[in-house]
Amino acid sequence: ELKITIDGKEIVVNQGATILDAAKQVGIDIPTLCYLNLHGTDMENKTASCRVCVVEVEGRKNLAPACATPVTNGMVVRTSTPRVMQSRRMVLELLLSDHPKDCLSCEKAGHCGLQDMAVKFGIREARFDVNYAQSTYPKQAGVSIIRDMDKCIMCRRCETMCSKVQTVGALSGVHRGFPSFVGTAFGAPLEETVCTQCGQCVAVCPTGALVENEQINEVLAQLANPNKTVIVQVAPAVRAALGEAFGMEPGTLVTGKMAAALRRLGFNYVFDTDFAADVTIMEEGSELIDRITKVMSGDESVKLPLLTSCCPAWVNFYETQFGDMLDYPSTAKSPQQIFGAIAKSYFAEKIEVPREKMTVVSIMPCLAKKYEADRPEFEKDVDIALSTRELAALIKQANIDFNSLPEEDFDNPLGESTGAAVIFGTTGGVIEAAVRTAYEKITGENLEKVEFESLRGFDGVRKATVKVGDLELNIGIAHGLGNARKLMEELKAGNPNNFHAIEVMACPGGCVGGGGQPYHGGNIEVVQKRRDALFAEDAGKPVRKSHENQAVLQMYEDYFGHPMSHKAHELLHTHYAK
Ligand code: HC1
Ligand code: SF4
């Protein structure tokens, strides 16, 4: 234990604590810009590059960055002396000297850490402004992400996220001095690197250097076109976060208001990705049972464990990083793509609209879903994928008073869903949904208690064994790609845990923590509250097992026959490539 005095307050801290940690203990708020700690994940960025958190330490000549200076016994610290305040101002002015001044039209306006600091410190003029008539770096616009390195302040949060949490390593600091920024190898567009499009770099970027590829106007163009039937689907995790954009507490469920808002925006059919999540369980669950049966009878043509395949950043990750293990993931398409395929076949035929006259828009908590929708093998089953943030912006542009909307239902039939589908949006939820169905299919018994507590939780890697009749089903769960890598390395070493199935979600927390969700400002508790909201929605649903979704069963009867049928394979399954 160490003693430290901050602004006259004596504090006892543990060895290893920083001045910032100590100050937090007693509620002293030292401003930070580059620092970020997503507690419970591997994300801690303490590069001490912005110098906004500097403080005075008695006996030291130079100011010290609070985020990266460990406490020593007897330390005396002052956090807001005139010298400290002047220094913070100067640092901000220097950062702004090398930063574009297009705040008015910047995508990050209102959510920008640099802007917040400039406001807090009352910066009124750009004393050292360099001439920004010309951009220094070309803007790179990808399918999911736009990189504008003129706006990079070298905080390195994206690099920490990409390298340490996701273990992807697509981004790193290049050059020295003024020309430095965080870039890709040889300046390649993200699509041509190992980037998975997870969007977690966007989620933690404090400025407008990394933002989504906004497609709001494309959606408006479709809605304005009288020749188009425009269908919208909403992912499970969106309903647990959208309310935050309208001032609601994190964890507020807005399912009904969201449906009402989409209807007022002019979508012809307001449907639910949850319907397709139930279909995914029908397909993936059947595939799991099929593989287990085959492996147990000595058939070596299939592999265990089955890896879930609904998270597009995870798909990109295993395609690039584990290209020799592509027979492990389920061949089922993701719910987003299953929905698109069903909308443009089964539903299109039902309402007698040719697919060319139909536009499918998805609202996703994710940026990789834009990339997924754009993959050539999916043939534009989904035309446009907007993030939760983009939907919030669209609702605001349309002058809809979200908070006073009534609660409305989704349309039928592709709006009907079960509790199992709702929990797809949190880590552990996809596999819990699959187990609910697999249990009943394998044992033929009714599953009384549908909650599997052993699969829930927030640890990065979780392992559980679920008894399904005589079978001991061994399950692995990872969220965050670095954690997924640990499980993949285990598989390479011979599957010592004898896993039958593994669920992976690329983002910390699963989709509730997706790269397209309202910015959580570095507070991982926000993500956990969204998760709790999804579990609450599941608990309140009258039907909680995917194979009991009546609209799904009707569709199989009318159209696909049965899961894994020829037609199901054609429309609902995919293949992977290195
Ligand atoms: Fe997800 Fe999924 S849960 S991937 O996290 O399987 O994005 O929410 O839509 O497709 O259903 C995201 C969420 C989402 C798919 C489903
Ligand atoms: Fe890295 Fe994900 Fe950002 Fe790609 S999208 S650069 S993988 S953090």
Side-chain angles (χ1 to χ4, degrees), residues 43 140 142-145 147 157-172 182-184 189-191 193-205 210 212 233-241 272-281 284 308-317 320-321 330 332-340 362-373 382 385-388 417 420-427 429-431 433-434 479-482 503-517 530-531 534 546:
M43 176 69 195
Q140 276 186 352
V143 178
S144 299
I145 295 169
R147 298 174 57 242
R157 282 186 188 177
C158 57
E159 185 180 350
T160 303
M161 179 53 87
C162 192
S163 304
K164 214 170 133 220
V165 182
Q166 302 298 54
T167 65
V168 171
L171 298 171
S172 66
V182 176
T184 59
L190 280 177
E191 275 81 359
T193 71
V194 286
C195 168
T196 66
Q197 311 288 328
C198 73
Q200 283 299 310
C201 51
V202 176
V204 296
C205 175
L210 291 165
E212 66 255 35
Q233 59 163 322
V234 200
V238 175
R239 66 209 66 197
D272 198 352
T273 309
D274 290 15
F275 172 90
D278 281 328
V279 179
T280 301
I281 291 300
E284 199 168 288
T308 60
S309 59
C310 44
C311 167
W314 158 233
V315 170
N316 292 339
F317 186 74
T320 48
Q321 309 272 341
S330 162
K333 288 182 189 173
S334 76
Q336 163 171 265
Q337 293 308 137
I338 284 188
F339 180 93
S362 349
I363 313 295
M364 296 278 141
C366 170
L367 300 190
K369 288 286 175 195
K370 290 176 185 281
Y371 180 88
E372 180 183 66
V382 171
L386 295 187
S387 65
T388 310
S417 71
V422 175
I423 59 173
F424 261 60
T426 173
T427 170
V430 178
I431 210 71
H479 58 126
L481 291 171
E503 178 204 287
V504 175
M505 286 294 175
C507 294
C511 292
V512 281
Q517 293 279 56
R530 295 173 188 161
R531 168 203 58 191
L534 291 186
S546 296

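Here the structure is a predicted model, which is why all the values come from computation and not from measurement. Index from 1, following the sequence. Counting starts at 1 for both ligands and their atoms, in listed order.
- Residue contact annotation: Pro236 has a non-hydrogen atom under 4.0 Å from ligand 1.
- Each of Val422, Val279, Val234, Ile423 was compared with Asp274 under the side chain to side chain contact (heavy atoms under 4.5 Å, CB included) criterion, and only Val422 meets it.
- Of all the heavy atoms of Val194, none lies under 4.0 Å from any atom of ligand 2, so neither backbone nor side chain is involved.
- The single protein non-hydrogen atom nearest to atom 9 (O) of ligand 1 is Ala235 CB, 3.0 Å, given as residue, atom name and distance.
- With a 4.5 Å cut-off on side-chain heavy atoms, Phe424 and Thr273 do not count as touching.
- For Gln197, every heavy-atom contact with ligand 2 shorter than 4.0 Å involves the backbone, none the side chain.
- Each of the atoms 6 (S) of ligand 2 lies under 4.0 Å from some heavy atom of Leu171.
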Quick one, Glu372 with Gln336, criterion side chain to side chain donor-acceptor pair (under 3.5 Å). Give me CA distance, side-chain angles, the key distance, then yes/no.
CA-CA 9 Å; Glu372 180 183 66; Gln336 163 171 265; 3.0 Å; yes
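- Using a 4.0 angstrom heavy-atom cutoff, Gly510 does not count as in contact with ligand 1.
- Residues Lys369 and Ser362 fail the side-chain proximity criterion, which asks for heavy atoms closer than 4.5 Å.
- Side-chain contact between Arg147 and Val182: absent, with no pair of heavy atoms (C-beta onward) separated by less than 4.5 Å.
- At a cut-off of 2.8 Å, Cys198 coordinates atom 2 (Fe) of ligand 2 through an N, O or S atom.
- With rounding to the nearest 0.5 Å, the separation of CD1 in Ile338 from NZ in Lys333 is 7.5 Å.
- With respect to atom 6 (O) of ligand 1, the closest heavy atom belonging to the protein is Cys310 CB, 3.1 Å.
- Within the 4.0 Å heavy-atom criterion, the part of Lys369 lying near ligand 1 is the side chain and not the backbone.
- The two atoms that bring Ser144 and Lys370 nearest to each other are OG-CB, 3.8 Å, heavy atoms only.
- Considering only non-hydrogen protein atoms, atom 8 (O) of ligand 1 sits nearest to Ala237 N, 2.8 Å.
- In summary, Cys511 places an N/O/S atom under 2.8 Å from atom 1 (Fe) of ligand 1, meeting the contact criterion.
- Here the side chains of Ser309 and Glu284 are in contact, with some heavy-atom distance below 4.5 Å.
- Atoms CD and OH, on Glu191 and Tyr371 in that order, are 6.5 Å from each other to the nearest 0.5 Å.
- With a 4.5 Å cut-off on side-chain heavy atoms, Met364 and Val238 do not count as touching.
- Listed by number with element, the atoms of ligand 2 under 4.0 Å from a non-hydrogen atom of Cys201 are 3 (Fe), 5 (S), 6 (S), 8 (S).
- Set against the non-hydrogen atoms of Cys366, the atoms of ligand 1 under 4.0 Å away are 7 (O).
- Set against the non-hydrogen atoms of Ile145, the atoms of ligand 2 under 4.0 Å away are 5 (S).
- Atom numbering of ligand 2 starts at 1 in the shown order; those under 4.0 Å from a heavy atom of Gly199 are 2 (Fe), 5 (S).
- Under 4.0 Å from ligand 2, heavy atoms of Thr196 appear from its side chain as well as its backbone.
- Nearest heavy-atom pair across Gln140 and Leu190 is OE1-N, 4.4 Å.
- With a 4.0 Å cut-off on non-hydrogen atoms, Gln336 touches ligand 1 through its backbone as well as its side chain.
- Closest to atom 3 (S) of ligand 1, if we only count protein heavy atoms, is Phe424 O, 3.2 Å.
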